[in-house]
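Both counts, for ligands and for their atoms, begin at 1 and track the order of listing.
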Amino acid sequence: MTASAVQFTDVLVIGGGLAGERCAIEAAAAGHDVLILSLVPPRRSHSCAAQGGMQAALGNCVMAEGDNTTLHYLDTVRGSDWGADQEVARIFVEEAPVAVRELAHFGVPWTRVRGGHNSYFIRGKRVEIDERLENDGLIMHRDFGGTAKWRACYAAAGTGHAALYAVDSEVVRLGITVRDRAEAVELIHDGGRCWGAVARCLRTGGHFAVVAKATVIATGGYGRIYGKYTTNATINEGMGAAIALNTGSVPLGNMEAVQFHPTALAPSNILITEGARGDGAYLLDKNLHRFMVDAEPEKQELASRDVVSRHMKQCMRDGNGVDTPYGPHLWLDLRHLGEQHLITKLREVFEICRDFEGLNPVTDLIPVQPTQHYSMGGVRVNKDGQAYGMNGLFAAGEASCWDMHGFNRLGGNSLAETVVAGRLVGRAVADYAAATSLDVHTSLALGTKHAAEQRAGDWLNRSGSGPDVYSIRDAMGETMMSKVGIFRTGDELTEAVDELTALLIDCDRAVLRSKVPGMNPELSFALRLKNMLRLAFVTAKGAQLRTESRGAHYRSDYPLRNDAEWLNRTLVRWAADAAEPEFGYEPVGEIDLPPGHRGYGSDERIEMYEPVEQYNSDAYERQAEHGRLASSEAPGSRILWGAWREHV
Ligand SMILES: Cc1cc2nc3c(=O)[nH]c(=O)nc-3n(C[C@H](O)[C@H](O)[C@H](O)COP(=O)(O)OP(=O)(O)OC[C@H]3O[C@@H](n4cnc5c(N)ncnc54)[C@H](O)[C@@H]3O)c2cc1C
């Protein structure tokens with residue numbers, strides 16, 4: 001055994017984005033030895049690309065007056081189409097203001113309230129508002145989709161960039177060890193206890209084991225299973241979720257809940273933030289008609305993302321899109337916001353349009369289309385972030401299914417989740433690590449490492465005329481976008497499942513063009529490909545099995561939300577060596593806010609048969625049967641029962 005073949009640490013954090021780094025800070029501040037693994041230098045993590053803002057009910061500007069955590073809770077649960085865990089949503093909204101203010105202390109240059117006269121665009125009209133002089137300098141808010149108040153705190157349109165740099169500076173200040181260009185490829189576990197992970201150095205191709213008391217998966221989303229049809233970075237391939245799935249013990253939650261963002265640039269799919277519509281931008285069809293005013297007279301362009309994306313897709317299906325060789329698109333009109341606004345509050349949007357499309361949003365319409373954006377599904381965890389079915393394993397951020405988003409995440413709630421969950425899960429991890437010792441046979445770690453090395457060796461040794469890995473990837477993306485997209489049908493989902501099954505078989509006979517064992521991007525990708533296909537498969541299969549429409553999961557053949565039969569969360573387990581995944585369904589948690597109309601989209605649904613009290617009576621027992629581990633506080637203890645009543 002070489003000296004570096006096995007490393008030991010108290011806490012291993014897999015992922016150097018906002019969630020992973022915030023979690024690492026908490027564990028390190030508690031005195032633990034922490035190691036972060038990341039595919040890229042942490043500041044290049046995907047969090048850096050987040051633009052529009054971070055939700056926290058601070059109520060600092062006139063349009064946010066009267067805001068409070070209960071209104072934020074109501075918006076979040078409604079936004080989720082009642083798929084969220086309502087206790088987690090409550091914890092989140094209570095902690096978000098603290099986490100956002102803490103970021104100011106870390107150095108985030110939040111855009112601030114300007115006391116006195118201000119000019120805004122609200123629902124298509126210019127509105128003059130005097131901000132209170134005593135609020136001058138407080139953190140400003142902008143409007144976002146599906147919210148009752150202006151609540152998104154922002155740093156121009158570079159919120160993620162500002163937040164990640166500030167949090168990473170804390171990581172540096174605390175001296176936390178970061179090993180970048182290192183990829184966790186397998187968890188070290190015995191079926192019920194996780195002891196770290198085996199990682200592959202992306203520079204040398206060498207493997208090493210990191211043995212840890214506690215392990216956190218914070219690897220972000222898996223949008224790249226949609227190939228090029230995503231706003232996500234190329235590193236968002238979902239390997240954290242995949243290595244958890246491969247254990248066979250840890251379930252992934254709600255994989256079929258995939259968010260499509262209304263405004264990706266056409267055809268590149270680079271995101272234009274919802275903050276643009278929050279600041280007053282319009283969506284126009286090919287006749288320059290504001291179709292969202294007809295479709296959603298109340299919320300207009302600022303209904304939730306699932307609703308707006310569906311209207312956009314329908315508008316294009318009806319022949320009202322602008323035809324191009326790349327397919328139809330619609331227009332985003334920012335011109336009326338004026339140059340000063342665009343180069344200050346939406347600076348990054350201005351630059352993206354200029355640099356990637358050659359357009360000036362001050363004078364030009366911007367071509368947009370809805371595309372994959374966010375993964376509501378992920379590693380299913382309890383309210384402490386502790387994975388179901390596996391002691392010592394935690395997850396936070398987009399990689400997790402905590403689950404405050406249910407079937408539709410509200411814009412701005414994800415960045416806020418990363419830092420809220422990072423703080424809370426970090427604390428739980430620190431407590432866990434303090435109460436446990438490294439009582440593990442190194443043979444377990446070395447066996448896992450050996451298996452990972454063997455997999456890489458197998459790829460290099462494979463010869464013949466099999467397909468190449470990139471064509472399989474592209475086929476997966478086409479299948480996912482065309483058949484597991486914004487509108488879904490049973491027939492298309494069945495086709496998607498069959499196509500993905502065939503691609504899994506192809507993957508086993510694919511052949512590399514480059515046989516270099518060290519730094520070899522083709523090999524690195526090949527090692528992820530099967531995992532990506534498995535994630536795609538459970539997403540498609542979960543969508544096929546869920547015969548209702550809820551949030552972003554829209555079944556044209558089952559258009560109603562069905563609270564009688566489907567008020568639950570999908571759980572899927574699939575050991576690496578098992579032929580088929582196993583699906584199960586658990587209660588969403590205890591219900592405080594009873595299912596109802598979201599306030600936008602369709603009001604038609606199938607009501608619950610049983611009373612809420614009956615649903616709640618054994619919700620947590622039924623979750624425990626699905627592998628939920630005990631949390632530090634009793635389940636349900638953070639729900640503020642009925643607090644919402646005074647706001648409806
Ligand atoms: C373009 C864009 C704009 C967005 N804007 C907003 C916004 O304005 N507001 C909002 O609330 N949300 C926004 N989101 C969503 C939000 O940015 C993300 O959900 C959030 O930043 C995810 O943070 P994270 O820490 O969970 O993961 P990430 O930031 O994606 O970090 C994942 C980390 O894991 C590492 N990693 C991955 N796999 C491995 C592995 N196998 N081994 C080791 N390391 C690994 C990566 O290197 C990276 O460091 C946006 C998303 C996109 C795509």
A student comparing E348, E237, R181, H46 should find that the heavy atom closest to atom 53 (C) of ligand 1 comes from H46

Looking only at distances, please establish whether an N/O atom of ligand 1 is found under 3.5 Å from an N/O atom of S38. yes

Is it true that R569 and D403 make a salt bridge, defined as a side-chain N closer than 4.0 Å to a carboxylate O? yes

Under 4.0 Å from one or more heavy atoms of G397, ligand 1 contributes atoms 26 (O)

Between R151 and D75, is there a side-chain N and carboxylate O pair less than 4.0 Å apart? yes

With a heavy-atom distance limit of 4.0 Å, tell me whether C48 approaches ligand 1 through its side chain, its backbone, both, or neither. neither

Heavy-atom contact check, 4.0 Å cutoff: does N232 meet ligand 1? yes

Any N413 side-chain heavy atom under 4.5 Å of F144 side chain: no

Any idea which of A218, G275, G221 brings a heavy atom closest to atom 33 (C) of ligand 1? A218

W110 versus R112: any side-chain heavy-atom pair under 4.5 Å? yes

If we set the cut-off at 4.0 Å for heavy atoms, which region of N413 has an atom near ligand 1: side chain, backbone, both, or neither? backbone

Should the pair R22-E102 be classified as a salt bridge under the 4.0 Å nitrogen-to-oxygen rule? yes

Please work out whether any backbone atom (N, CA, C, O) or any side-chain heavy atom from C-beta onward of T418 is under 4.0 Å from ligand 1, and answer side chain, backbone, both or neither. side chain

Just heavy atoms, cut-off under 4.0 Å: does L271 contact ligand 1 by side chain, backbone, both, or neither? side chain

So N236 and T230, do their side chains get closer than 4.5 Å, heavy atoms only? no

Of all the heavy atoms in T159, does at least one lie under 4.0 Å from an atom in ligand 1? no

If you have a sec, work out which protein heavy atom is nearest atom 42 (N) of ligand 1 and how many Å separate them, to one decimal? A184 N, 2.8 Å

If you have a sec, work out which protein heavy atom is nearest atom 27 (O) of ligand 1 and how many Å separate them, to one decimal? G220 CA, 3.3 Å

R90 bridged to D85 by N-O distance under 4.0 Å: no

Do R305 and N408 come close enough that some side-chain heavy atom pair is under 4.5 Å? yes

For G160, is the nearest heavy atom under 4.0 Å from an atom of ligand 1? no

Any salt bridge linking E237 with R528? Criterion: basic side-chain nitrogen under 4.0 Å from a carboxylate oxygen. yes

Taking 4.0 angstrom as the limit and counting only heavy atoms of Y374, give me the atoms of ligand 1 inside it, by number and element. 19 (O)

Pick one of side chain, backbone, both or neither for how R409 approaches ligand 1, counting any non-hydrogen atom pair under 4.0 Å. side chain

So the atoms of ligand 1 within less than 4.0 Å of a heavy atom of T231 turn out to be 53 (C)

Could you give the distance from CE (M376) to SG (C401), rounded to the nearest 0.5 Å? 10.0 Å

So for A49, does at least one of its heavy atoms come nearer than 4.0 angstrom to any atom of ligand 1? yes

Which ligand 1 atoms, with their elements, are less than 4.0 angstrom from a heavy-atom of V40? 47 (O)

May I ask you to decide if the ring planes of Y470 and F525 are parallel, tilted or perpendicular, using 30° and 60° as cut-offs? parallel

Protein heavy-atom partner closest to atom 28 (P) of ligand 1 - residue, atom, separation in Å: S47 OG, 3.8 Å

Would you say G412 touches ligand 1, if touching means a heavy atom closer than 4.0 Å? yes

Of all the heavy atoms in H373, does at least one lie under 4.0 Å from an atom in ligand 1? yes

Does the side chain of L283 reach to within under 4.5 Å of the side chain of V308, using non-hydrogen atoms? yes

Is the closest side-chain heavy-atom distance between I352 and Q51 below 4.5 Å? yes

Tell me, please: is A197 in heavy-atom contact with ligand 1, that is, under 4.0 Å? no

Under 4.0 Å between a Lys/Arg side-chain N and an Asp/Glu carboxylate O for R409 and E417? no

Do the non-hydrogen side-chain atoms of V258 and Y226 ever get within less than 4.5 Å of each other? yes

List ligand 1 atoms under 4.0 Å from A182, heavy atoms only on the residue side. 42 (N), 43 (C)

Counting non-hydrogen protein atoms only, what is the nearest one to atom 13 (C) of ligand 1? Give residue, atom name and distance. A50 CB, 3.9 Å

Can you check whether G52 has an N/O within less than 3.5 Å of an N/O in ligand 1? yes

When you look at CZ of R423, are more than 12 heavy atoms from neighbouring residues, nucleotides or ligands closer to it than 6.0 Å? yes

Min side-chain heavy-atom separation D306-R598 under 4.5 Å: yes

Nearest heavy-atom contact between L535 and G238 is CD1-O, 3.3 Å

Region of A152 engaging ligand 1 - heavy atom pairs below 4.0 Å: neither

Nearest heavy atom to atom 9 (N) of ligand 1, choosing from G53, G411, S45, A241, belongs to G53

Considering distance alone, does some N or O of I14 sit under 3.5 Å from an N or O of ligand 1? no

For atom 37 (C) of ligand 1, which candidate among N531, I270, L410, T219 provides the closest heavy atom? T219

Note: E183, heavy atoms under 4.0 Å from ligand 1, region reported as both

Distance filter under 4.0 Å to A19 heavy atoms, resulting ligand 1 atoms: 25 (O), 26 (O)

Closest protein heavy atom (residue, atom, distance) for atom 35 (C) of ligand 1: G15 CA, 3.6 Å

